[in-house]
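Please read the structure below before turning to the comments.
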2 protein chains.
Amino acid sequence: MPGAQNIKVAVDAVVFGYTSKEGLSVLLIKRNIQPFKNSWALPGGLVRDDESLEDAVQRELREETSISISYLEQLYSFGEPGRDPRNRVISITYYGLVRPDAFDVKADTDASDVAWFNIKKLPSLAFDHTTIISVAHERLKSKMLYQPVGFELLEEKFPFSELEKLYLAVLDRPFDRRNFKKKITKYGFLEETNEKQALEGAGRPGNLFRFNEEKYFLLKKEGISFEI
Amino acid sequence: MPGAQNIKVAVDAVVFGYTSKEGLSVLLIKRNIQPFKNSWALPGGLVRDDESLEDAVQRELREETSISISYLEQLYSFGEPGRDPRNRVISITYYGLVRPDAFDVKADTDASDVAWFNIKKLPSLAFDHTTIISVAHERLKSKMLYQPVGFELLEEKFPFSELEKLYLAVLDRPFDRRNFKKKITKYGFLEETNEKQALEGAGRPGNLFRFNEEKYFLLKKEGISFEI
DNA sequence: GCAAAAGTGTTTGGACTACACCCATGT
DNA sequence: ACATGGGTGTAGTCCAAACACTTTTGC
């Protein structure tokens, strides 16, 4: 009988948040243990023997960042020997989306070890976490081309330009404003309210929209064909 | 310090093969150890401490089925507590595609514990392997709508109808023959040869095609937009 | 000659692209 | 009045869908 396997199983989470001010952001923690003590890293940790992978992610997020998250999806499993300098650790990664409410963690832990970082201004990160974030970003980009995205990231009501800015921030390339609106509204998962809202600064106030959850999740299942 | 983690890490592979006679098939092994002794199962096993996940998959495939495989992609990681009745085992699954040549394993191991099963006639399987196969099948279905598929599954030269039957077998729904040909040939990754080949039985012999590997793999990277 | 598979074109509607001007508000 | 962002329509092009008959071969 060969020696027992000596590999640890961890989960890590790439949590995306969005505000029009800060753009697309990722939630990071500052490690206070070795290895990579004092480096920024993705929230995560070892899976307990009796909990599911999703539960482990939620627990770590609660423990390390005090947020909990409604949309979470498995991303990829990273398992190269040597990705952790001490033990063999394979990491099963997830990515999630949160609404701006969860940005409160930032205020609460201002001087602490949790913070949001704009996706384009990431610090250097522990382990292979930079790679993991870029895989997550690619996944999100391609996802938003065949499924509606936004419900999990925007406030309940929002001017249409918020959705547009979200797509711009994630896709990171320009597109035609009018055509985008036509395509999005065609699917009917957006409802127009009668309320208007002026953004800060000058400009004509825009109508507020909200998602029709039923149609949104239906289209999420069925998939849409989107070419922005 | 809490008790050490006691979770094992395994890999499992869903290997798809295709012939026009047998259709889309999956490579299975018959287990000769507990648990699920004498059940059919996916090839796979525990990862060694010093090998990468991909290496582990290739090694298990070699040991258990004697095939090696050129196209292999990570599928998903399954980790529910209880999916293995004895220990906590998380399985990182891969899927792969092989050409009919590899179907030789069937002949070689006729009376043994390796066999191909048509995707629609699977036996009952160990663990959650039925679920894993259906996830892999769904992945393959959606993959072939945005990337060319076939090079890894067909012989070097083949009549066009072979490719069409492959798509029919995987997608498992009818589509228009003429429009399919227009769409496929438009991308230019197929080359027409001057050879003709009569299938068994009656019918007009068709021209043989081959893949232009360069364009094929280019389109594989770039992605194509396919609506069959 | 008949059964089986291969080969091939046209029409039509819908979808995507490109593109520019006026409107409502704050300062 | 001007700066800022909101709101809107059309013409042209391309792509996809629908659709059926003729050709080559084996038997």
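To find a chain, count down the sequence lines: A is the first, B the second, and so on, and within it residues start at 1. Values below: all heavy atoms of this structure, side chains included; hydrogens, waters and symmetry mates excluded.
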From CG of A:N207 over to P of C:dT25, roughly how many Å is that when rounded to an integer? 11 Å
Just the rounded figure in Å: distance from P of C:dA6 to CG of B:L163. 12 Å
Provide, to the nearest angstrom, the distance between the CD atom belonging to B:E192 and the C1' atom belonging to C:dT8. 12 Å
Taking only the side-chain nitrogens and oxygens of B:K186, find out if one of them lies under 4.0 Å from OP1 or OP2 of D:dC15. no
Can you tell me the distance, in whole Å, between the NZ atom of A:K183 and the P atom of D:dT8? 18 Å
Could you note down all residue pairs passing salt bridge (Lys or Arg N to Asp or Glu O under 4.0 Å) where residues 115-127 of chain A supplies at least one of them, sequence neighbours left out? A:K120-A:D172
Distance check, C1' atoms only: D:dA3 and C:dC22, in whole angstrom units. 15 Å
Verify whether one side chain among B:E162 and B:Y167 offers a donor that lies under 3.5 Å from an acceptor in the other. no
By salt bridge (charged side-chain N to carboxylate O under 4.0 Å, His left out) - contacts of B:E164 (at least two apart): none
Distance in angstrom units between B:E195 CD and C:dA6 P, rounded: 17 Å
Distance below 4.0 Å between B:S161 side-chain N/O and C:dA6 OP1 or OP2: yes
Measure CZ/A:F175 against P/C:dC19 and give the value in whole Å, please. 17 Å
With sugar-phosphate taken as primed atoms, P, OP1 and OP2 and all else as base, the protein-contact string of nucleotides 18-27 of chain D at under 4.0 Å (heavy atoms; B, S, -) is BBB--BBBS-
Will you find, in the side chains of B:Y216 and B:E214, an N or O donor that is under 3.5 Å from an N or O acceptor? no
Among all residues two or more places apart in sequence or in another chain, which pass the side chain to side chain contact (heavy atoms under 4.5 Å, CB included) test with A:S77? A:I92, B:Q74, B:S77, B:I92
Atom-to-atom span, NZ of A:K181 to P of C:dA18 - whole angstrom: 20 Å
Nearest-angstrom distance from the residue atom NZ of B:K165 to P of C:dA4: 14 Å
Residues in side chain to side chain contact (heavy atoms under 4.5 Å, CB included) with B:E155, at least two apart? B:P100
Taking only residues two or more places apart in sequence or in another chain, which ones pass side-chain hydrogen bond (donor to acceptor under 3.5 Å, both in side chains) with A:Y18? none
